[in-house]
Structure formats: C-alpha cells, structure tokens
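See below for the structure under consideration.
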Amino acid sequence: MYPGSCPDNTLCTSPVSCDEYQCTEVQTSYSYKSPYCRQVKDTTPSPEGYCTCSINVMNPINWPCSQALLNYDNFFVNTSNGRNPLPGFYVAFSNAACAPSSAFESFPANVTGVMALSLSPSGFLVSLDQPPLKRTFSLCLPSTSSAPGILFYGNGPYYLLPQSNIDVKNFLSYTPLLKHPDSFGYFIGVNSIVIKTKSIDIPGNTTAKLSTLEPYTTLRTDIYNRVVRRFSMVTKRYPPANPISPFGLCFSTSTNGTKVNLKVPDIDFNLPDGKKWAISTANSMKQITSDVACLAFVDGGATSEHAIVIGTYQFEDNFLLFDLENSIFGFSSSLLRKKTSCANFNFTMDSG
C-alpha cells in the first residue's frame with residue numbers, strides 16, 4: 001500500500017481511507033450485508049494518521065466470505081468501432097479489493113477476479129458511465145471455453161463474423177427491463193412457457209431474473225414439474241437415461257453403439273408485447289457424458305425466492321443487450337441460427 005503516488009517500477013495499491021465516502025457507501029449498502037460474512041473490524045489509523053477501509057469480499061458461487069482492503073484502481077478497456085478493437089484505451093477509475101487466494105478455490109484456474117455488472121452504485125458499470133457513451137452494455141457468452149466472448153459498453157453498432165456488415169442489433173427483440181425490490185439485479189416479465197404449441201401457464205406477474213451466477217435456468221418446483229412433464233411428452237422418441245444431478249430429465253444419446261443426434265423442440269419464453277425468447281436445442285440440452293444428455297433446467301425448490309432464474313447455459317451464443325437508460329432488454333435467441341456465434345468477434349486490432 002502507498003497512500004500517495006506510486007514510486008517508479010513499484011507495484012502498489014492505492015487504499016481508500018476509512019473516512020472517505022466510498023468506504024461508507026460500500027460498508028452500508030444493503031447488498032453488502034450477508035449472513036455469510038462476519039462484521040468488519042473497525043480500522044485504526046496508522047502512525048501517520050491514515051486509516052484503511054476494511055470490507056467483506058464474497059465468492060458469489062459458493063459464498064465464502066473474506067476480508068480485504070478497498071482500493072482505488074484503474075482498468076484499461078479497449079475502445080472499438082463495433083468491428084474490431086481500436087488502438088486507443090479508455091481508463092475506467094473504479095474501486096476494487098484484493099481478495100485472498102482462498103476466495104478463488106472454487107473457480108477455474110484462469111479466473112483472476114469477480115466484476116459486478118449489476119445496478120449497484122459500487123459496480124464496475126458506474127466507472128464506464130461517461131459521455132458520449134450511452135448507459136447500455138451487451139454481453140455475448142461463448143459456448144466453449146477455448147474462445148473468448150465479448151462485452152460491449154455503449155449503444156453499438158456490433159458486428160460478428162462472418163457477417164461483418166450486419167449489425168447484430170438487427171437480430172434483437174426487446175422487452176422491458178424490470179427492477180426488483182432490494183436487488184441490484186435485472187429482471188424481465190414472463191407470461192408463459194410454450195413447448196411445441198402447448199402453453200404452460202405460470203402465475204400472473206411472474207418475473208425472471210437474469211443471472212450469470214446460475215449455470216442453468218432454475219424453475220420453482222411447480223413450474224419445473226410442468227415443463228418436464230410437457231418436454232417428456234414431446235421427446236418420447238428418444239430413449240430415457242437415469243438422471244444425472246442436478247438435472248431431472250436425461251436421455252441416452254447412444255443406441256447399440258450408434259450416436260443419436262438430439263433435435264428437440266424449442267422452449268419458448270413468451271414475454272410481454274408478444275415477444276418470444278426461443279431456447280433452442282443448443283441451449284436446452286446439455287451433453288453430460290458421451291452417452292447421456294440432459295434437459296439443462298434445474299428444480300429450484302418449492303419456496304425458491306424467484307420463480308424463474310435464467311442462467312448462463314441459456315445465455316451461450318445469445319446476444320444480450322441491457323439498455324439501462326430506457327430500461328429495455330434486447331435478446332437475439334440463438335445466434336447459431338444466424339450462422340454466427342459469440343466467439344466470432346474479430347479481435348484483430350484495427351490500425352486505421
């Protein structure tokens with residue numbers, strides 16, 4: 001730590017003081033209070049009269065909580081014309097905390113941090129909120145870890161190969177982006193779920209949470225059972241297999257040594273204003289072993305907080321746009337049907 005400027009050729013952090021407003025904001029945020037975290041210890045001033053800001057940092061996957069110091073930090077973000085990265089960088093000034101290595105034990109080996117894309121006043125998006133950029137971000141997650149996805153901040157245009165002259169926004173449908181009390185998350189309204197023309201009724205005013213923390217879409221038990229029952233009826237031609245946790249409906253993809261190519265009906269989320277988010281085979285079926293594939297929806301329990309939580313497997317190769325200025329959510333459904341994918345952004349630098 002170095003409370004002033006950083007000496008040359010030295011790696012150091014710039015701590016937030018315990019009496020600065022950033023420290024108070026983080027420590028008093030309602031999203032900060034968690035039963036998994038113990039109370040932060042009061043910090044005492046150093047002999048020079050400088051005190052640091054102790055905060056809790058929490059692994060959002062399995063919820064262990066650790067204490068760390070809140071710092072000022074700079075993030076260098078590529079600028080882009082929507083087709084390629086440009087040589088210039090944008091410097092985002094944000095707060096960050098250095099978590100202990102134990103906080104990352106449940107993550108893949110190449111994960112080095114957690115970034116909040118929520119509406120939290122302490123989230124990373126706040127540091128990008130600068131004119132002339134619109135308060136809009138887009139997320140496109142790849143279906144393989146061997147290729148990078150893309151996160152845009154700004155209102156586009158956005159291009160993915162090989163269709164280098166077609167703005168991906170042309171593929172999007174839009175629905176209102178909703179807020180939920182006591183949450184910095186993102187929600188959309190869902191009127192019904194349709195599988196092969198048959199509508200599965202869900203309670204009125206149901207909202208679905210959009211979550212990058214859940215690997216698969218989670219449904220409250222009453223909705224889950226109806227979806228599984230209907231899906232089982234329209235997939236009778238495929239031999240069943242014993243369920244593999246956490247899934248409840250699985251199929252054999254091998255018959256007498258011959259691989260079976262599963263092609264199942266779409267699962268359509270019918271949204272307000274007649275819009276439809278189609279979940280195709282690539283986002284509804286998960287190959288678990290060489291011989292078994294499962295419906296990638298999970299039973300969230302009878303008393304789950306949210307009736308529907310749409311998870312990252314259903315995000316893969318879907319272009320998602322969050323217009324925070326106008327509270328609108330844009331979605332493409334599967335880009336594979338448009339002959340492109342989230343791995344197809346051209347990361348070659350445009351030198352002009």
Side-chain angles (χ1 to χ4, degrees), residues 1-7 10-34 37 40 43 50-61 65-80 85-101 103-104 107 110-141 148-155 177 179 183-186 210-213 320-325 347:
M1 293 190 310
Y2 199 82
S5 59
C6 189
T10 303
L11 180 65
C12 53
T13 59
S14 181
V16 174
S17 170
C18 65
D19 55 10
E20 292 184 79
Y21 77 91
Q22 292 95 333
C23 183
T24 303
E25 279 190 350
V26 173
Q27 289 187 344
T28 58
S29 168
Y30 67 77
S31 67
Y32 178 76
K33 298 176 175 64
S34 168
C37 301
V40 175
T43 51
Y50 189 87
C51 62
T52 55
C53 178
S54 293
I55 63 167
N56 284 319
V57 289
M58 191 162 54
N59 178 325
I61 304 301
C65 198
S66 307
Q67 292 197 353
L69 298 180
L70 188 66
N71 301 309
Y72 294 105
D73 212 335
N74 299 337
F75 292 85
F76 293 86
V77 184
N78 277 106
T79 56
S80 174
L86 300 176
F89 284 92
Y90 174 81
V91 183
F93 299 95
S94 186
N95 293 124
C98 292
S101 58
F104 295 92
F107 290 133
N110 59 343
V111 173
T112 56
V114 176
M115 182 177 289
L117 299 178
S118 70
L119 293 167
S120 167
S122 303
F124 180 66
L125 297 177
V126 174
S127 63
L128 297 177
D129 188 13
Q130 298 289 336
L133 295 177
K134 300 292 185 181
R135 292 184 61 238
T136 298
F137 76 95
S138 299
L139 183 67
C140 205
L141 299 180
I150 183 74
L151 171 70
F152 289 107
Y153 190 87
N155 201 35
L177 191 60
K179 294 182 180 180
S183 174
F184 290 132
Y186 303 104
L210 307 170
S211 175
T212 57
L213 300 182
L320 309 179
L321 181 146
F322 297 77
D323 182 343
L324 306 183
E325 287 193 11
F347 281 98

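Counting begins at 1 with the first residue of the sequence.
Separating the CG atom in Leu151 from the CG atom in Leu141 is a distance of 9.0 Å, to the nearest 0.5 Å. Of the inter-residue distances, the one linking Asp323 atom CG with Leu177 atom CG reads 8.5 Å to the nearest 0.5 angstrom. Rounded to the nearest 0.5 angstrom, Asp73 CG and Ser127 OG are separated by 10.0 Å. Between Gln67 atom CD and Asn56 atom CG the span is 5.0 Å, to the nearest 0.5 Å. The OG atom of Ser66 lies 11.0 Å from the CD1 atom of Ile55; values are rounded to the nearest 0.5 Å. Here the CZ atom belonging to Phe89 is positioned 8.0 Å from the OG1 atom belonging to Thr79, to the nearest 0.5 angstrom.
With sequence neighbours excluded, the residues satisfying side-chain contact (heavy atoms from CB on, under 4.5 Å) with Glu25 are Tyr21. Annotation: side-chain hydrogen bond (donor to acceptor under 3.5 Å, both in side chains) contacts of Ser122 (sequence neighbours excluded): none. Residues passing the ring pair (Phe, Tyr, Trp, His ring centres under 6.0 Å) test with Tyr153, sequence neighbours excluded: none. Shown here are the side-chain hydrogen bond (donor to acceptor under 3.5 Å, both in side chains) partners of Asp19, two or more places apart in sequence or in another chain: Ser17. For Phe93, there are no ring pair (Phe, Tyr, Trp, His ring centres under 6.0 Å) partners at least two apart in sequence or on another chain. For Asn95, the side-chain hydrogen bond (donor to acceptor under 3.5 Å, both in side chains) criterion is met by no residue, not counting sequence neighbours.
At least one side-chain heavy atom of Leu139 sits under 4.5 Å from a side-chain heavy atom of Thr212. Under the 4.5 Å side-chain criterion, counting only non-hydrogen atoms from C-beta, Glu325 is not in contact with Asn155. For the pair Tyr186/Leu324, a side-chain contact is recorded, criterion being any heavy-atom separation below 4.5 Å from C-beta on. Within the 4.5 Å cutoff, the side chain of Asn59 has no heavy atoms near those of the Phe104 side chain. Residues Leu125 and Leu117 meet the side-chain proximity criterion, which asks for heavy atoms closer than 4.5 Å. Using a 4.5 Å cut-off on side-chain heavy atoms (C-beta onward), Leu128 and Phe75 make no contact.
No donor-acceptor distance shorter than 3.5 angstrom exists from the side chain of Ser138 to the backbone of Phe152, with no hydrogens or angles considered.
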(request) Verify side-chain contact (heavy atoms from CB on, under 4.5 Å) between Phe107 and Val114, making sure each step is shown before the conclusion. (result) CA-CA 10 Å; Phe107 290 133; Val114 176; 3.9 Å; yes

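Contact between Asn71 and Pro15 at its shortest, heavy atoms only, is OD1-CA, 3.5 Å. Nearest heavy atoms, Phe184 versus Ser118: O-CB, 3.4 Å. Nearest heavy atoms, Leu119 versus Gly185: CD1-O, 4.0 Å. Heavy-atom minimum distance, Val126 versus Ser120: CG2-O, 3.6 Å.
Note on ring orientation: taking the six-membered ring where Trp is involved, the planes of Phe137 and Phe322 are parallel (angle under 30°, cut-offs 30° and 60°).
The SG atoms of Cys53 and Cys23 sit under 2.5 Å apart.
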